[in-house]
Amino acid sequence: MSDLMTEEGFAYSFNPKACETCQGRCCTGESGYIYVTKSEIEKISKLLDIDVKLFVNTYLFKKMYKYSIKEVVYENSHECIFYDRDSNGCKIYDARPAQCKTFPFWDYYKTRVDELKLECPGILDD
Ligand code: SF4
Ligand code: SF4
């Protein structure tokens with residue numbers, strides 16, 4: 001049985017096995033925004049067992065009217081503060097934001113598959 005993931009309306013497939021060796025390219029590299037909604041903030045705070053206000057002040061920053069997860073710089077890489085280099089995984093996986101859950105099937109990439117392939121080695125043409 002194929003492990004490839006597909007989504008209607010996207011002209012590519014995704015092989016999640018690629019994550020095992022890719023070193024979290026979608027959580028590291030260039031600086032970017034990892035937006036979290038109010039309900040996601042509550043969910044992550046619960047997972048981390050800390051007060052919502054403390055979570056916001058410690059791990060998030062405001063970008064216009066939204067909140068984004070902070071990054072840390074490792075060598076030349078801007079990495080999500082929840083990316084764990086040791087395990088090559090996400091420290092808040094069970095409560096990770098929708099933006100992370102839906103990658104690599106973002107509308108933005110529908111017409112930018114070549115750009116996506118440069119970031120994610122799990123992308124295959126249909
Ligand atoms: S860039 Fe692609 S292969 Fe790498 S961790 Fe992210 S989703 Fe997985
Ligand atoms: S929250 Fe987790 S999945 Fe999302 S960018 Fe950060 S480390 Fe990656």
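Order of listing sets the numbers, starting from 1, for every ligand and every atom in it. Source: prediction; values computed, not measured.
Taking all atoms of both residues into account, the shortest heavy-atom contact from Asp3 to Pro16 is O-CD, 3.3 Å.
Proximity to Glu119 (heavy-atom distance under 4.0 Å) selects the following atoms of ligand 1: 1 (S). For ligand 1, the atoms lying closer than 4.0 Å to a non-hydrogen atom of Cys120 are 1 (S), 2 (Fe), 3 (S), 7 (S). In summary, the atoms of ligand 1 found under 4.0 Å from a heavy atom of Ala18, numbered by their order in the structure, are 3 (S). Atoms of ligand 1 found under 4.0 Å from any heavy atom of Cys26, numbered from 1 in the order shown, are 1 (S), 5 (S), 6 (Fe), 7 (S).
Judged by distance alone, the side chains of Glu79 and Ser77 do bring a donor and an acceptor atom under 3.5 Å apart. Tyr108 and Glu115 form a side-chain donor-acceptor contact under 3.5 Å, judged by distance and modelled atom types alone. Side-chain contact of Glu71 with Ser31: a donor-acceptor pair under 3.5 Å is present, judged by distance alone.
Neither the backbone nor the side chain of Gln23 comes within 4.0 Å of ligand 1, counting heavy atoms alone.
At the top of the distance list for atom 4 (Fe) of ligand 1, counting protein heavy atoms only, stands Cys22 SG, 2.2 Å. Scanning the protein for heavy atoms near atom 8 (Fe) of ligand 1, the closest one is Cys19 SG, 2.3 Å.
Taking the six-membered ring for Trp, Phe105 and Tyr12 have ring centres closer than 6.0 Å.
In this structure, Lys62 forms a cation-pi arrangement with Tyr67, its terminal cationic atom sitting closer than 6.0 Å to the ring centre and no more than 45° off the ring axis. For the pair Lys70 and Tyr59, the cation does not sit on the ring face, since its NZ or CZ is not both under 6.0 Å from the ring centre and inside 45° of the axis.
The aromatic rings of Trp106 and Tyr109 sit parallel to each other, their planes meeting at less than 30°, with 60° as the upper class boundary.
Listed by chain and number, the protein atoms of type N/O/S under 2.8 Å from atom 2 (Fe) of ligand 2 are Cys90 SG; waters are omitted.
For Pro104, the heavy-atom gap to ligand 1 stays at 4.0 angstrom or more.
Judged purely by atom type and a 3.5 angstrom limit, Arg25 uses its side chain to pair as donor or acceptor with the backbone of Leu118.
Environment of NZ in Lys110: crowded, with over 12 heavy atoms of neighbouring residues, nucleotides or ligands closer than 6.0 Å.
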